Amino acid sequence: MATTFSGFKLGICLLFCVVGLALAELQPSNFYEERCPKALSIIKTAVNLAVLKERRMGASLLRLHFHDCFVQGCDASVLLSDTATFTGEQNALPNKNSLRGFNVIESIKSALEFICPGVVSCADILAVAARDSVVAVSAHTIGKARCTTYRSRIYNETNIDPYFAKSMQKICPISGGDNNLASLDTNIPIIDLFDNGYFRDLVNKKGLLHSDQVLFNGGSTDSQVQSYVKNPILFQFDFAKAMVKMGKLSPLISPNALATTSFSSSSSSLLSPNYYGHSCPQALSTIRRVVENAVQREPRMGASLLRLHFHDCFVNGCDGSILLDPTSTIDSEKNAFPNKDSVRGFEVVDEIKEAVDKACGKPIVSCADILAVAARDSVVALGGPTWKVRLGRRDSTTASRNDANNNLPIPSFSLSQLISNFNNHGLNEKDLVVLSGAHTVGFARCVSFEEHIYNDTNINPYFAKRLKFICPKNGGGNPNVLAPLDMATAVNFDAAYYGDLVHKQGLLHSDQELFNGGSTDGLVKKYWRDPKAFYNDFGESMVKMGNIKPLTGDHGEIRLNCRKVNKDY
Ligand code: HEM
């Protein structure tokens, strides 16, 4: 049996085989923030256009990155054409007449050279384009394979569904038609969820390629395939993680390549972006480093840290009160209804606090400021916008479970309840709509959306059906099962959440309330059509939220440990 290289399918194979490979130091997606801030959005737009023009291009770009990384690391060697003195990889057997998408990469490169010459490497373009193409296509039916790559399987193999083999033989005759294409995933997509149909195909012996079917053929990977069949969300999650890992294979890194962020000072408010500029210039880069590592380890952590800042600010201001553990005198907010078994990220905050105190040589950065900076850095690490965080908050010496119960919005709220909840915190309708865009990342438990999928009518029925599958009625399943808040791109900070709402695919009742014939419909549509406006307004509203009742001057304290008030330390 000939070994074939089928882009997406072997990309999937990476889920099982990349673990354990040596990793090198790479900066996440804000690496080009200073020297070419538009780099990521240019790549994304070009990939979106290319995929719009030809859906198959998504798979081709993904495969290009994979074939690059697996030949001496992700160094764009695959892009080099042959010359009189040089024989490149493009004519290697697995690539010849098969790899494509070079023109898309070239057009991205020339656009980037035009706006920031000599900055963005071709290897990085490949990695980002691969990520964006998965997002653009939403990955199901992502690729097609040529007849030559699966002929032998459909005529000679036994671990194949006979009806499936027969139908494929119609597309791919025993001789001739070498370039006829067949879809690598036989399922018809219902909604834009990162589909696990590929794995269902394998279990039903309908893997098109030999190299696909070996993943489910009585061997060690059978159980992994089955777990992706049972849990599409797990697949989506693991896929994102594997992509990050693959992009780290032996890259060539410039020794000077360290991105820095500068923060210019601002005026009037008591908080200032440059607050630690003199006392601890390395504070912000230290926080960023820990956040970036945490998000690389687990992309969801970015969402969780973002939410922590929100849940801190909405309960008596941004004062780090949410971080306090219960004691005889602290009625911890962690036990309030909206937080219990739900908010997370406390270990990462501990890690940041330890690192930043060490870097500064003394505990001068407050836990409340750590939350504000970590929220921003998380958004950036997930591919979203950046903004200047105002700093100088101090930490509370109290917490209130009751206030957390009373002041945090809950998913059953109507639009008017959401608006008045935000008004109570000095935030307007626009802030509500734009900050809810945070639900472009992260996950929710069944218990948070069960009512919506079973009882509400303003929901896409296919979408509801899909969710009911993982979330049986009355907590019949595990109430802690998770679904992505933004079905299309759960670990990518983008404007897709608003598209979800317009298509009645908001996961929470409170999400869909923002687009349900009421006063906020217009804003939802605006952010859907204009992601730049969303990015810009998100930063502004985050600053506004971060300004809610900070403790400054002599109020509060700078905690030594974010989980405890200093007198208990
Ligand atoms: C408008 C009112 C809001 C409501 C009713 C709401 C409610 C919720 C609920 C119920 C969850 C899922 C919790 C679970 O099932 O465990 C959630 C998750 C999340 N929320 Fe909100 N939220 C709101 C606004 C916001 C805002 C303003 C932000 C940030 C600026 C935010 C950020 C997040 C994030 C990132 C997650 C995912 C967290 C993770 O995966 O760990 N939410 N929200």
Side-chain angles (χ1 to χ4, degrees), residues 233 236-237 294-295 298-315 318 322 334 336-346 348 371-372 374-376 378-379 381-382 384-385 387 404 407-425 427-453 467 471 475 478-486 490-493 497 501 506-515 520 523-524 534 537-546 548:
I233 312 283
Q236 182 184 30
F237 211 64
V295 174
E298 188 211 5
R300 184 186 174 198
M301 189 49 73
S304 306
L305 290 171
L306 172 58
R307 187 169 184 231
L308 268 187
H309 180 46
F310 161 52
H311 279 212
D312 182 33
C313 294
F314 265 47
V315 183
C318 314
I322 190 170
K334 293 179 185 179
F337 179 69
N339 291 335
K340 199 166 163 45
D341 299 325
S342 180
V343 280
R344 56 200 292 281
F346 299 107
V348 177
L371 287 181
R376 189 269 316 269
S378 295
V379 169
L382 294 171
W387 61 93
N407 295 332
L408 286 166
I410 52 172
S412 57
F413 270 6
S414 65
L415 179 60
S416 62
Q417 286 173 311
L418 289 168
I419 293 173
S420 82
N421 176 280
F422 270 59
N423 283 344
N424 291 342
H425 296 98
L427 299 173
N428 59 28
E429 258 181 63
K430 182 177 162 196
D431 298 315
L432 165 67
V433 176
V434 76
L435 289 174
S436 297
H439 288 179
T440 178
V441 290
F443 292 78
R445 295 163 303 148
C446 279
V447 63
S448 302
F449 58 83
E450 189 180 327
E451 287 282 317
H452 181 49
I453 60 173
L467 289 164
C471 210
N478 176 353
N480 291 325
V481 166
L482 296 171
L485 283 154
D486 167 13
V491 288
N492 198 15
F493 197 101
Y497 164 80
L501 302 189
L507 184 65
L508 306 180
H509 170 84
S510 51
D511 289 327
Q512 200 56 59
E513 278 292 286
L514 302 179
F515 191 83
T520 48
L523 269 175
V524 169
F534 165 52
D537 292 357
F538 189 79
E540 276 179 18
S541 291
M542 282 298 285
V543 171
K544 218 168 148 186
M545 183 177 89
I548 299 177

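One-based numbering, in listed order, for ligands and for the atoms of each. Hydrogens, waters and symmetry mates are skipped; everything else that's a heavy atom, side chains included, is used. Quantities reported herein were computed from a predicted structural model and do not represent experimental measurements.
For atom 41 (O) of ligand 1, the nearest non-hydrogen atom of the protein is Ser304 OG, 2.7 Å. The nearest heavy-atom contact from the protein to atom 2 (C) of ligand 1 is Pro409 CG, 3.5 Å. Residue, atom and distance of the protein heavy atom nearest to atom 35 (C) of ligand 1 are Ala303 O, 3.1 Å.
The atoms of ligand 1 that sit less than 4.0 Å from any heavy atom of Leu418 are 1 (C), 2 (C). Proximity to Ser510 (heavy-atom distance under 4.0 Å) selects the following atoms of ligand 1: 5 (C). Atom numbering of ligand 1 starts at 1 in the shown order; those under 4.0 Å from a heavy atom of Arg300 are 39 (C), 40 (O), 41 (O). Within ligand 1, the atoms closer than 4.0 Å to a non-hydrogen atom of Ile410 are 5 (C), numbered from 1 in the order shown. Heavy-atom proximity to Leu432, at under 4.0 Å, picks out these atoms of ligand 1: 1 (C).
You'll find the side chain of Ile322 stays beyond 4.5 Å of the side chain of Val315, heavy atoms only.
Considering each of Ser541, Ser378, Pro411, Ser342, the one bringing a non-hydrogen atom nearest atom 16 (O) of ligand 1 is Ser342.
Residue contacts with ligand 1: Phe443 is placed with a nitrogen or oxygen under 3.5 Å of a nitrogen or oxygen of the ligand (distance criterion only).
Within the structure, salt bridge (charged side-chain N to carboxylate O under 4.0 Å, His left out) contacts touching residues 430-440 (residues at least two apart or in different chains) are Lys430-Asp537, Asp431-Lys544.
Considering every non-hydrogen atom in both Ser378 and Gly302, the closest pair reads CB-O, 3.2 Å. Among all heavy-atom pairs drawn from Ala483 and Leu467, the shortest one is CB-CD2, 3.9 Å. Between Thr440 and Asn492 the shortest heavy-atom distance is OG1-O, 3.3 Å.
The side-chain hydrogen bond (donor to acceptor under 3.5 Å, both in side chains) test with Asn339 is passed by exactly one of His311, Arg307, Lys334: His311.
Ring centers of Phe515 and Tyr497: at least 6.0 Å apart, outside the cut-off. Phe422 and Phe413 have their aromatic ring centers separated by at least 6.0 angstrom.
Each protein N/O/S atom under 2.8 Å from atom 21 (Fe) of ligand 1 was counted, for a total of 1.
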Could you walk me through whether Phe314 and Leu427 pass the side-chain contact (heavy atoms from CB on, under 4.5 Å) check? CA-CA 11 Å; Phe314 265 47; Leu427 299 173; 3.7 Å; yes

Salt bridge (charged side-chain N to carboxylate O under 4.0 Å, His left out) assessment of Glu298 paired with Arg344: CA-CA 12 Å; Glu298 188 211 5; Arg344 56 200 292 281; 2.9 Å; yes

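In this structure, Phe422 counts as a contact residue of ligand 1, since one of its heavy atoms falls inside 4.0 Å of the ligand.
The aromatic rings of Phe538 and Trp387 lie perpendicular to each other, with more than 60° between the two planes, well past the 30° mark.
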